[in-house]
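In this chain, residues are counted from 1 in sequence order.
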Amino acid sequence: MLSLLDSGKIKQMKSSFWTCVISVPMSERRKVAEAAIRAFCIFAESSFPRRTQLVETPGLLSSLAILCGEETLLRNSEQIVHDIGRLAFYLSHFSTTRAALLVEAGWADLLVKAIRARPDDIDAVTLIIIAIHPVLEYGPISCRTAFIAAGAIAALQETIERYSPESNSPTSRSITKRCREGLEILMKESSCTIL
């Protein structure tokens, strides 16, 4: 897969990747998902133009989100959740148009599922929260609406409750601070009041 990405035929790859996703038997899904998201991470890590290619190729990230988004798979694979965090971090700092494309590709739902699947995995949760924050703050209303629909308010509240008692840890303080800021944005968007 990485060789296909590196070949420059990324747009031609989307249909074959989707065919792969829908044909993978459940018994093989973890192995394929781990290999796929690792390849995407390596590809995105190397340069900003490559990240742009991923976001602007309709169907590619949505296929990846479907492949990796099964909740049992997320609970059982530390690597997938970590790589989701890494890839989301690489892809998070985009113009509002690209942020909207990312969210439309099913990534709001995938990121919320990943947080809730492994809430004690502080490294992965940190990367995902860092990735979500600029999308909530600077992305269009559609981004915030998608995260609300995906259950992000409850996920952020749960994360604050999980890490607030560990206030002596700089990482925990950073996570809870970003969660509170994100929660405030979402609560305003949903016309709720923070008690």
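No side-chain heavy atom of Ile115 sits under 4.5 Å from any side-chain heavy atom of Val81. With contacts defined as side-chain heavy-atom distances shorter than 4.5 Å, the pair Val135/Trp107 does not qualify. Within the 4.5 Å cutoff, side-chain heavy atoms of Cys179 are placed close to those of Ile129. Between Asp109 and Phe147, the closest side-chain pair of non-hydrogen atoms is not below 4.5 Å. Using a 4.5 Å heavy-atom threshold, the side chains of Tyr163 and Ile122 count as touching. Under the 4.5 Å side-chain criterion, counting only non-hydrogen atoms from C-beta, Phe43 is not in contact with Arg51. You'll find the side chain of Glu137 stays beyond 4.5 Å of the side chain of Pro134, heavy atoms only.
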Report task. Please test Thr126 against Ser174 for side-chain contact (heavy atoms from CB on, under 4.5 Å), starting from the C-alpha separation and ending with a verdict. Result -> CA-CA 8 Å; Thr126 299; Ser174 175; 5.7 Å; no
**Report entry** Verdict with reasoning, Leu91 to Leu61, per side-chain contact (heavy atoms from CB on, under 4.5 Å)
**Finding:** CA-CA 11 Å; Leu91 300 179; Leu61 285 176; 3.9 Å; yes
Report task. Verify side-chain contact (heavy atoms from CB on, under 4.5 Å) between Val103 and Ser142, making sure each step is shown before the conclusion. Result -> CA-CA 8 Å; Val103 170; Ser142 60; over 6 Å; no
Query - Check against side-chain contact (heavy atoms from CB on, under 4.5 Å), Ser46 and Ile42 - result: CA-CA 7 Å; Ser46 57; Ile42 293 169; over 6 Å; no
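Of the possible polar contacts, none joining the Arg30 side chain to the Leu73 backbone as a donor-acceptor pair under 3.5 Å is found. A donor-acceptor pair is defined here as one N or O able to donate and one able to accept, closer than 3.5 Å; no such pair exists between the side chain of Thr57 and the backbone of Leu60. A donor-acceptor contact shorter than 3.5 Å is absent between the side chain of Ser164 and the backbone of Glu161. Looking only at distances, a side-chain donor or acceptor of Arg118 sits under 3.5 Å from a matching main-chain atom of Arg75. The backbone N or O of Leu136 lies less than 3.5 Å from a partner atom in the side chain of Arg144, making a donor-acceptor pair. Side chain of Trp18 to backbone of Gly59: no donor-acceptor contact under 3.5 angstrom is found. A donor-acceptor pair under 3.5 Å is absent between the side-chain atoms of Lys113 and the main chain of Glu71, judged by distance alone.
Side-chain contact of His82 with Asp123: a donor-acceptor pair under 3.5 Å is absent, judged by distance alone. A side-chain donor-acceptor contact under 3.5 Å links Glu34 and Ser77.
Salt-bridge annotation for Arg86 and Glu45: present, with a side-chain N of the basic residue lying under 4.0 Å from a carboxylate O of the acidic one. The existence of a salt bridge linking Arg178 and Glu181 is excluded, since no basic side-chain nitrogen approaches an acidic carboxylate oxygen closer than 4.0 Å. Salt-bridge annotation for Glu70 and Arg29: absent, with no side-chain N of the basic residue lying under 4.0 Å from a carboxylate O of the acidic one. Salt-bridge formation is not detected for the pair Arg162/Glu158: no Lys NZ or Arg NE/NH1/NH2 atom is positioned less than 4.0 Å from an Asp or Glu carboxylate oxygen. With respect to Arg180 and Glu184, no salt bridge is recorded, no charged nitrogen being found less than 4.0 Å from a carboxylate O.
Applying the side-chain contact (heavy atoms from CB on, under 4.5 Å) test between Thr159 and each of Thr176, Ile175, Ile128, Leu183 identifies Ile175 as the sole match.
The OG atom of Ser62 sits 11.5 Å away from the CG atom of Leu67 when rounded to the nearest 0.5 Å.
One hydrophobic cluster, built from ILVMFWY side chains closer than 4.5 Å, cannot hold both Val24 and Met26; they sit in different ones.
Taking every heavy atom of both residues into account, Leu87 and Leu54 meet most closely at CD1-CD1, 4.3 Å.
Aromatic rings from Phe40 and Phe17 are positioned such that their centres are separated by under 6.0 Å.
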